[in-house]
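All remarks here apply to the structure that follows.
In this text the structure is predicted, and so the values were computed from the model without any measurement.
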Amino acid sequence: MALSFCGNDRGSNAYSVDKGVLDNGCFVDALNLVPHVFLLFITFPILFIGWGSQSSKVQIHHNTWLHFPGHNLRWILTFTLLFVHVCEIAEGIVSNTWSNHLHLFLPALMGFIAATTSVVYYHNIETANFPKLLLALFIYWILAFITKMIKLWKFAEASLGVQYLRFCITALLVVLYGLLMAVEINVIRVRKYVFFANPQRVKPPEDLQDLGVRFLQPFVNLLSKATYWWMNPLIIGAHKRPIELKKIGKLPIAMRALTNYIRLKDSYEEQRVCDPEKSPSIWKSMYQAFGGPILLSSTFRYMADLLGFAGPLCISGIVEHLHNSTEIDRTNKVSNMTFGVFFMSSTELLQNTSVLAVLLFLALVLQRTFLQASYYVTIETGINLRGALLAMIYNKILRLSTSNMSMGEMTLGQINNLVAIETNQLMWFLFLCPNLWAMPVQIIMGVILLYYLLGDSALIGAGVILLLAPVQYLIATKLADTQKSTLDYSTDRLKKTTEILKGIKLLKLYAWENIFCDRVEETRGKELTSLKTFALYTSMSIFMNAAIPIAAVLATFVTHAYIEEVRLSPAKAFASLALFHILVTPLFLLSTVVRFAVKALVSVQKLSEFLQSDEIGDDSWRNGEMYMSLEVGKKYKYHGDVSQLVRAKMKRSYHVHSALCWFVSIILNRMVFVCIGEWVIQVNDGFFTWGSNLSTLTDINIRIPTGQLTMIVGQVGCGKSSLLLAMLGEMQTISGKVYWSNKNRYSVAYAAQKSWLLNATVEENITFGSPFNKQRYKAVIDACSLQPDIDLLPFGDQTEIGERGINLSGGQRQRICVARALYQNTNIVFLDDPFSALDIHLSDHLMQEGILKFLQDDKRTLVLVTHKLQLCVTFSVEGTLKDIQTHDVELYEHWKTLMNRQDQELEKETEMESQTTLERKTLRRAFYSREAKNQIDDEDEGSSSSAFQNSISFFLLMCCRYLSSGGFLMVFLMVSSKLAKHSVMVAIDYWLAAWTSSNPHNQSLADPFLGVLQHLSYVPVFIILCGAAIALCLITSLTVEFLGVAAATNLHHNLLNKIIHAPIRFFDVTPLGQILNRFSADTNIIDQHIPPTLESLTRSTLLCLSAIGVIAFVTPAFLIALVPLAVAFYFIQKYFRVASKDLQDLDDSTQLPLLCHFSETAEGLTTIRAFRHEARFKQRMLELTDTNNTAYLFLSAANRWLEVRTDYLGAVIVLTAAVAAIWSTSQSGLVGLGLTYALTVTNYLNWVVRNLADLEVQMAAVKKVNSFLSTESENYEGSMDVSQVPEDWPQHGEIKIHDLCVRYDTMLKPVLKHVNAHINPGQKVGICGRTGSGKSSLSLAFFNMVDVFEGKIVIDGIDICKLPLQTLRSRLSIILQDPVLFSGSIRLNLDPERTCTDDRLWEALEIAQLKNMVKALPGGLDAVVTEGGENFSVGQRQLFCLARAFVRKSSILIMDEATASIDMATENILQKVVMTAFADRTVVTIAHLVSSILEAEQVLVFSSGTLVECDSAPNLLAQENSLFSILVRTHK
């Protein structure tokens, strides 16, 4: 039939205008074409010619983005307009079934094109900021409005009302065109671009002028917002070059932590002002600051949930009307003819299957868009809240009362928990909170729809779901509890592993590695038991989630078959099946949401307590006011008598001796004060406390003179440091006043007693935010003797130190802190015991060059707390000591004894090799290892770039490694049960299709009973299939989780054994942190994260595959459409996985500095406040928070980008499946089956990609663990059998060294070259030489710890290289330089093998002179030893090591620099014991102090790895030129 615009009905004159031009319907429709054609003619030349290249660019540079007034409203109205045009086209096509009236749908089609063009045109004008061209749109809206008004008027005249769909559509279009016209008028009113003399000039928002802002979600247009189109360049670009921090830029101002902090703080403070008595509510503050976005998100969520129900209803409609005649009664058609065409109602349109298919597609697209928008808004709000809370906590930390920290009311751990855990809990609660009110509505709606479809039997199904929901909640709470206990066990295991790794050298030397390995395995066993429980609950949770819908469907349909008289139609069956799938998700999530809500309540409680804790006083007095009365702690009333204390006036300064402190003021220049008023700080009648009612400092009256050195000395614990802090305003004042001179600078340079470093470079730690002055910097470094230490660092003073950098020794840390105080350009310097960790030489140098010379040149006021009394003697001024002697004899006597003790120490220390040399030696060793680590890192990077190219093969290889660790049987069970489960699930739905399609309509009425029987015969099979599916759900969930447990068990066991048995060289070149990471973070990922991800990935993938299989089976034509869809899906997942991995890495790497910054601030609170650097630290915290939030927001936006695309793909799959089904001749039951499966694809497609990306990241942990599993172990076997070694070997202790050559690695040079020596039984031998000469290497060679590649060591006739390592090492004894103790009991440390009697152990302790001390401890031999033996002094620990060596009763004892880190008294005990208790044994002493081996019977002197001298000590001393006598003379 020929096409015709006005139709070609026989007998009618479509072009007749007899009744008037406007009474011809076809003419009115033609009139409606005019505005659309006008717009296309005007805009196309401008778009394609005028704009040229610009219009083709998707990504216009963002500094040109500018939104005209009513921007979002315009986009919403345009989208609505497009939807109404689609309805108009559908109505036109459907009502035009028996005559080709093109005018029914052609104007609507042109309208659709024009509306699309209008929005593209508007976007281009907006980005170019050229509003004059909007005039074309203004004219278009006016013309369209007028033509549609004419059409509506004519319909009304013909009495066509709202019962007809075309009238409703026309009325809607009139409203929309009117509104768009109003928007255009508003733009003219605001921007004044036409009809006004002075058009308004507008700049883009401040954020867009800053090219550093790359997060564009708030600025792009609505379409780009909804589809995350602006993310395309970033995600696609990640495939070529990894995403770096500078690539993601800064956050917009509205999302920065500072902006949100101000919002939250204002609402918090407002409550405090309104009701000072009541503590402010954080909940209320959060609602006031962030309530708006949450309500917006909830609105999106409600819209998405309601649109979600369109799916089942459309399926029901399509299946129902599939084979019903769409031919509407011809007579009815004729009766509805007006203007020569047919008018239809909306219900008639909704009976058309093609219309329903398009509606289903649009509903899905809209639903998913709203859902993702809801997710995005909550995540953005959650991140904003976290930023605000972090800033709030940080500000509070900076104002925290010091007593809170020191009295243990607020520990560092609590603060770290607030930052790392509580803020995240609240953020997650905010992410999930829209579910709290959206889910109940979703559940109620679902149950109502089910009841509408199925009647009473639906309530039984819903009842099953509701009854099982509490079980899910119970499982969720059990899961949380089990996770907690697992965490406790893993912390314990990690503690033991750390101890082993720190003391690995000792364990190997004593052959105890297996014993301690078993200790870790025992704890790991407990952790695994807890993990198995965790796996069980996880699998139960997964099982419940999968089994509940099956159980509900089973209960519903079986009940329906027995109680309902009406047969179940395919339409209702599959619609209700889809509804059950919708219902399960909210019920499963509800338990999680409730759990998070409970956690959020607890977090808010903790946060409230923290925010209301005591703060430090107002310190405006330091800003130059004359004085300040410290009356902060008025609530601490001081009761009791204030003791009468002696006050002594000195000749040149004003001092006090109290029962707590005494002071010596030392005046550097000999000038007498002109007047007594030249002071910096004055304390009058000061009573200070740390928060208890007892004052710590009593009746303090002092003045600190300007430009002088004031020393504070006293016994341990008498309050010296407290006095400094009291002057700084850190203590609470009971009474009295602290006055500061108003001539002072703003801050005080303060070096605390406990050294505090930033995680920054050495230079940044010293300059501490001050401008860099090269000359001053060098002078400070020389004064603090830091240059030799800096020279050792790999990048000099640009090397990172602190938690994440190099671990420096105590002395090195202390000197950097003093350097920081000296470098600052402040008038006042407070040094709190700066010499405590330094040896005498360094202390002397620091005092002379730094404190006296450097500070005197600057004329700075210095207050120094010290124990080193000899420094006071050296620099005290005549009269000062005499005054003390006169006024307080007791004090003077006490001081004299202290002086004598210090003199002895001085003598001892001059004999010793400087402690600093040892520290530097340790540092050098650390760097040797570090270089090797850097090489490892480089290799890692190389391998990762190649892995990036072969990411799929690498990923599959790691998966195979992981699965093989789980065991073949478990993998087979998992795969087979998964396949069986999904096959049975498909079988259930197929059976349902066959059952409902079993021709009920043509059933002969002659024998209804037979029909019922036939109907019920489907039920048993249905029950059996559902039962099998439920059982298989249980099996699959259990197998996956327990496969994970098996893999975790094997991987950890193998890793531990490999590392414990690795050669000692491995520990030299591999940083401890790297090894610990394998046991902590990586093991945790393998234990807890991989199994659920693997389960989710396999489930989502199989669901998608089975769905596609079912659709292809029902409608084979679908396979044609599948090819382009599969290609699109491949590219989406390919780009996303790379970008997601980069963004996850960025999120992880930016989180650590933020957490470190909080903990380091809390630790260095007094220092930061003394320096007055709070503002700088706040700024740093805001920067770190924003950086982390940027990475998190981009990661979240990337997830939304993926989900929107996979959801749209899913919607296209549903549309193609529906269209293919409508065209096919399949049974209606099978069509229902295909469409229900197509709907599930939309839910699971994005999970396939998300889980794949997550698993790829998690498999990196398996890769790291696997890289350690290839480590070669030491050769424990040896060539001799244990039985060939005598029981009492070595019985004599004779050692013969033949031509010995030793190296640490086959790649390295030898450290010992051709050494020959003979040590007789029972001989006392000393080994010495300069640092690096090979002394310690020889001690390791005795234990076969290094590579002996030439020569041999023969002990009592046996070549040690042939012995099994366990035998060799268990028969020799050694005492190392660093005393190593393990946590546990004293018995464990002396005899872990439990082979000795108590008497033997007590004997050993007596020899080591520890018996009385141990007896006094609770538990005696079973007394507790804390981690690293911290509850004993260094000297006591070394004596325990001596006792340990004696317990072994070996005839050979090796002492490796054993007296290097102990005091003189302990060293004397050690020497005495060695001479007496070990009189009959061979003792080899490796000495750093030559004086300790002057008594030795034989001395071996090494130089550069060769033995240069070998004789008795007196003989070698007799030779003046011998290396030994040179070493003795130089105290080396």
- Query: Under a 4.5 Å cut-off applied to non-hydrogen side-chain atoms, are L501 and L1076 in contact?
  - Reply: yes
- Closest heavy-atom pair, T533 versus T482, reported as atoms and distance to 0.1 Å, is CB-CG2, 3.8 Å
- So how far is it from L1390 CG to R1444 CZ, rounded to the nearest 0.5 Å? 7.5 Å
- Is it true that a side-chain atom of S1370 and a backbone atom of Q1366 form a donor plus acceptor pair closer than 3.5 Å? yes
- Task: Report the C-alpha distance between Q483 and Q1088 in whole Å, list the side-chain angles of each, state the deciding distance to 0.1 Å, and finish with yes or no for side-chain hydrogen bond (donor to acceptor under 3.5 Å, both in side chains).
- Result: CA-CA 9 Å; Q483 197 160 17; Q1088 294 192 13; 3.3 Å; yes
- Task: Indicate yes or no: at least one non-hydrogen side-chain atom of M1455 is less than 4.5 angstrom from one of I1486.
- Result: no
- Inspect the contact between R524 and E527 and indicate whether a charged nitrogen and a carboxylate oxygen are less than 4.0 angstrom apart. yes
- Please lay out, stage by stage, how L1500 and Q1498 fare under the test side chain to side chain contact (heavy atoms under 4.5 Å, CB included). CA-CA 7 Å; L1500 308 180; Q1498 188 179 352; 3.7 Å; yes
- Message: If I take atom CD1 from residue I1355 and atom CG from residue L1368, how far apart are they, to the nearest 0.5 angstrom?
- Response: 6.5 Å
- Which residue pairs satisfy the side chain to side chain donor-acceptor pair (under 3.5 Å) criterion with at least one member in residues 1396-1408, sequence neighbours excluded? R1387-D1398
- Item | For F1343, all residues meeting ring pair (Phe, Tyr, Trp, His ring centres under 6.0 Å), sequence neighbours excluded | none
- Message: Using side-chain heavy atoms (C-beta onward) and a distance below 4.5 Å, is I1360 in contact with V1354?
- Response: no
- With sequence neighbours left out, write down each residue that passes side-chain contact (heavy atoms from CB on, under 4.5 Å) with A1423, or none if nothing qualifies. I1386, L1417
- From CG (L528) to NE2 (H1052), nearest 0.5 Å: 8.5 Å
- Task: Apply side-chain contact (heavy atoms from CB on, under 4.5 Å) to E1393 and list each qualifying residue two or more places apart in sequence or on a separate chain.
- Result: W512, I515, D1391, T1395, R1448
- The side chain to side chain donor-acceptor pair (under 3.5 Å) partners of T498 (sequence neighbours excluded) come to none
- Item | Criterion ring-ring contact (aromatic ring centres under 6.0 Å, His included) on F1268 and F1079, from CA distance to verdict | CA-CA 11 Å; F1268 275 19; F1079 285 104; 8.4 Å; no
- Decide salt bridge (charged side-chain N to carboxylate O under 4.0 Å, His left out) for E522 and R493; before the verdict, give the C-alpha distance in whole Å, the side-chain angles of both, and the deciding distance to 0.1 Å. CA-CA 9 Å; E522 186 188 336; R493 168 181 60 80; over 6 Å; no
- Task: Quick one: list whatever passes ring pair (Phe, Tyr, Trp, His ring centres under 6.0 Å) with F1342, sequence neighbours left out.
- Result: none
- Message: For F1502, give me all partners under ring pair (Phe, Tyr, Trp, His ring centres under 6.0 Å), at least two apart in sequence or on another chain.
- Response: none
- Identify, with sequence neighbours excluded, every residue that meets side chain to side chain donor-acceptor pair (under 3.5 Å) alongside S1451. none
- Query: Between R1369 (side chain) and L509 (backbone), is there a donor-acceptor pair under 3.5 Å?
  - Reply: no
- Task: Report yes if the side chains of V1483 and I1454 come closer than 4.5 Å at any heavy-atom pair, otherwise no.
- Result: no
- With a 4.5 Å heavy-atom cut-off, do V1484 and I1327 have their side chains touching? yes
- Item | Shortest non-hydrogen contact from T523 toward K496 | OG1-NZ, 3.1 Å
- Item | Reported SG-to-CG distance for the pair C1361 and N1344, which is rounded to 0.5 angstrom | 4.5 Å
- Go through the steps to decide whether S530 and S485 satisfy the test side-chain hydrogen bond (donor to acceptor under 3.5 Å, both in side chains), and finish with yes or no. CA-CA 7 Å; S530 186; S485 68; 3.0 Å; yes
- Item | Between CD1 on residue I1059 and CD on residue E513, distance to nearest 0.5 Å | 14.0 Å
- Is there a donor-acceptor pair under 3.5 Å between the side chain of N1389 and the backbone N or O of S1385? yes
- Nearest heavy atoms of S1373 and A1445, plus distance in Å: OG-O, 3.3 Å
- Whether R1371 side chain and S1450 backbone form a donor-acceptor pair below 3.5 Å: no
- Query: Which atoms form the tightest heavy-atom contact between V1447 and L1401, and what is the distance?
  - Reply: CG2-CD2, 3.9 Å
- Would you name the heavy atoms of N1057 and C517 that are closest together and state the gap between them? OD1-SG, 3.8 Å
- Query: So, does E521 use its side chain to make a donor-acceptor pair with the main chain of D518 at under 3.5 Å?
  - Reply: no
- With sequence neighbours left out, the residues meeting side-chain contact (heavy atoms from CB on, under 4.5 Å) with S1273 are K1058, H1061
- Message: Do I1064 and K505 make a side-chain contact, defined as non-hydrogen atoms from C-beta onward lying under 4.5 Å apart?
- Response: yes
- Message: Tell me whether K508 contacts the main-chain N or O of P1063 through its side chain, where contact means a donor paired with an acceptor under 3.5 Å.
- Response: no
- Message: To check you understand the geometry: which heavy-atom pair defines the closest contact between I1086 and A1048, and what is its length?
- Response: CG2-CA, 3.9 Å
- Message: Before you tell me yes or no, could you show the steps for I1075 and T497 under side chain to side chain contact (heavy atoms under 4.5 Å, CB included), namely the whole-Å CA-CA distance, both residues' side-chain angles and the distance that decides it to 0.1 Å?
- Response: CA-CA 10 Å; I1075 303 173; T497 311; over 6 Å; no
- Task: Evaluate the side-chain proximity of R1078 to L1055: yes if any heavy-atom separation is below 4.5 Å, no if none is.
- Result: yes
- Going by the ring pair (Phe, Tyr, Trp, His ring centres under 6.0 Å) test, which pairs reach into residues 1366-1388, not counting sequence neighbours? F516-F1382
- Nearest 0.5 Å please: distance from the CG atom of L1056 over to the CD1 atom of I500. 6.5 Å
- Sequence neighbours excluded, which residues qualify as ring pair (Phe, Tyr, Trp, His ring centres under 6.0 Å) partners of F1440? F1432
- Stepwise, does the side chain to side chain contact (heavy atoms under 4.5 Å, CB included) test hold for L1453 with I1375? CA-CA 8 Å; L1453 170 68; I1375 303 173; 4.1 Å; yes
- Message: Using a 3.5 Å distance criterion without hydrogens, assess whether the side chain of E499 forms a donor-acceptor pair with backbone atoms of S1383.
- Response: yes
- Query: Between D1356 and G1293, is there a donor-acceptor pair closer than 3.5 Å when you use the side chain of the first and the backbone of the second?
  - Reply: yes
- Query: Any donor and acceptor pair, going by atom type alone, linking the side chain of K1296 with main-chain N or O of G1357 inside 3.5 Å?
  - Reply: no
- Item | ring pair (Phe, Tyr, Trp, His ring centres under 6.0 Å) contacts touching residues 488-507 (sequence neighbours left out) | none
- Message: Less than 4.5 Å apart, side chain to side chain, heavy atoms only: is that true for L1338 and V1311?
- Response: no
- Hey, does the side chain of N1084 reach the backbone of S1080 with a donor-acceptor pair shorter than 3.5 angstrom? no
